[in-house]
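One structure is given here, and the rest of the page talks about it.
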Amino acid sequence: MTIGIVIVAAGRGERAGSPQEGPKQYRRIGGEAVIHHALTQFLTWPRSGPIVVVIHPDDEALLSDAVRGLAGAQSMITTFGGETRQKSVFAGLRALSQTQATHVMIHDAARPFVDHALLNRIAQAFDDGEEAILPAMAVTDTLKRAGADGIVHETVPRAGLYAAQTPQSFSLPAIRAAHEKAASLRRDDFTDDASIAEWAGLTVRLVEGAADNVKLTIKRDLAMADEKLSSAQMLPDVRTGNGYDVHQLVPGDGVTLCGVFMPHDQKLSGHSDADVALHALTDALLATCGAGDIGDHFPPSDMQWKGAASRIFLAHAAEIVRQHGGIITNADISLVAEAPKIAPHREAMRRNLSEILGISLDRCSVKATTNEKIGFIGRKEGIAAIATATVVYGFLKP
Ligand code: CTP
Ligand code: MG
């Protein structure tokens, strides 16, 4: 068995409008011509035999442009179509008959989202001995029959109704004979190949189609396909920033970390409330949008910040991030302190972060460690904090 492919691309795409933009199969979606997407699927499918592309005589340059850089495209056979889809398919079948193909898949160039899983289902039906295979989707909408006056005459029961897709697939001699018979009897009103096969008495077997395998027909279909492919190809613009802060401990009555006051026999000395945790996180957030550091926004020389609650700094940094279009997705702080014990206050600290940043609690993390009595932190001369902020700034085109 050799499964040949016929891709019909000789239409003018009149319903997709804009003659100056050219036929729809050569317009770009996700950076490539519509036909490029379908061809890629067939060229990379392991069971594909010879491929015939049926084009309009005016479109040779458009096709060579559309397949530039596509591996395997050199071996495709090109032939000219006719003024109806039926005639174009017939031309494709005649060209394919010059090859060793025994079977054929006939596909619309205007269906760029065909996928290998669907092709495999059809090939399985060939393997099972079917002579004519129609991929289709069960109709899900309620169907109405209405008159030209816009008045509904009846509701059509949808049980047993299917919407036909491509590639419709056949034994090559059988479908070629059916097309020949139709042509000789001047029957040129068939809208797809399965209906010619039915008319010629072939048994047409349904296989499940693919929901995404839509035909691009109107302008809006092209715009939506482009949007779908473009967003799929974009990278999320995830940025991380880090921050570090340390303050000296001096005799006192308690320390404030992550906005939580803890009674202690020392206090942190500093210009504001010396909350190293919130200072480190403020720097981490500013780092995700190149907005400098905490000192740039709240200079220690400015008396208005003396003794200020550090939550003001953090809230301000979060606002700057939002103004840059960022969405804060995670805030993580590691505290390095010999004393006081942080663990009993961790949940209160996380709640403060969640409230100040306006993000859910599971995106806020506070951890603490001692410094194993080593160094200035181990000697209780100071407390340090390290913070990491994760912020998503939309999407990036790679
Ligand atoms: N087709 C073809 N030859 C024709 C008409 C159609 O090869 N004479 C192809 C189209 O290029 C398309 C597929 O058949 O890939 C399905 O047809 P359709 O969606 O109707 O495309 P067009 O005929 O180009 O569009 P329109 O009917 O809006 O003009
Ligand atoms: Mg058409």
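Numbering of ligands and ligand atoms starts at 1, following listing order.
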Cationic N near anionic O, under 4.0 Å, [X] to [Y]:
| X | Y | answer |
| --- | --- | --- |
| Lys367 | Asp332 | yes |
| Glu347 | Arg351 | no |
| Arg187 | Asp189 | yes |
| Arg47 | Asp127 | yes |

Could you verify whether a donor N or O on one side chain and an acceptor N or O on the other, from [X] and [Y], lie under 3.5 Å apart?
| X | Y | value |
| --- | --- | --- |
| Arg158 | Thr142 | yes |
| Glu338 | Asn371 | no |
| Thr282 | His297 | no |
| Asp273 | Ser310 | yes |

In terms of residue, atom name and distance, what is the protein heavy atom nearest to [atom]?
| atom | value |
| --- | --- |
| atom 27 (O) of ligand 1 | Arg15 NH2, 2.9 Å |
| atom 26 (P) of ligand 1 | Glu14 N, 3.4 Å |
| atom 9 (C) of ligand 1 | Val8 O, 3.7 Å |
| atom 25 (O) of ligand 1 | Gly13 CA, 3.2 Å |
| atom 6 (C) of ligand 1 | Gly11 CA, 3.6 Å |
| atom 3 (N) of ligand 1 | Ser88 OG, 2.7 Å |
| atom 19 (O) of ligand 1 | Lys215 NZ, 2.7 Å |

I need the contact type for [X] against ligand 1. Using non-hydrogen atoms and a strict under-4.0 Å cut-off, is it side chain, backbone, both or neither?
| X | value |
| --- | --- |
| His56 | neither |
| Lys24 | side chain |
| Thr217 | neither |
| Arg12 | backbone |

TODO: Counting heavy atoms only, name the option from Ile106, Ile218, Asp108 that's nearest to atom 16 (C) of ligand 1.
DONE: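 Result: the heavy atom closest to atom 16 (C) of ligand 1 is in Asp108.
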
- [ ] Test the Arg111-Phe113 pair against the cation-pi criterion, namely NZ or CZ under 6.0 angstrom from the six-membered ring centroid and within 45° of the ring axis.
- [x]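 Arg111 over Phe113 ring: no.
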
Open item on the list: Please check whether Ala109 reaches ligand 1 - meaning an N/O of the residue sits under 3.5 Å from an N/O of the ligand, judged on distance alone.
Closed with: yes

Open item on the list: For ligand 1, which is the ligand I care about here, please tell me if Ala10 has any N or O atom under 3.5 Å from one of the ligand's N or O atoms.
Closed with: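 The answer is yes, given that Ala10 and ligand 1 share an N or O pair closer than 3.5 Å.
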
TODO: Return yes when Val54 approaches ligand 1 closer than 4.0 angstrom through a heavy atom, no otherwise.
DONE: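 No, Val54 has no heavy atom closer than 4.0 Å to ligand 1.
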
TODO: May I ask whether Gly82 places a heavy atom under 4.0 Å from ligand 1?
DONE: yes

Open item on the list: Just so I know, are the side chains of Arg363 and Ser354 near enough to count as touching, which here means a heavy-atom distance under 4.5 Å?
Closed with: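 No, their side chains stay 4.5 Å or more apart.
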
Open item on the list: Under 4.0 Å from a heavy atom of Ala110: which atoms of ligand 1 are those, numbered in the order shown and with their elements?
Closed with: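 Going through ligand 1 atom by atom, the ones under 4.0 Å from Ala110 are 15 (O).
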
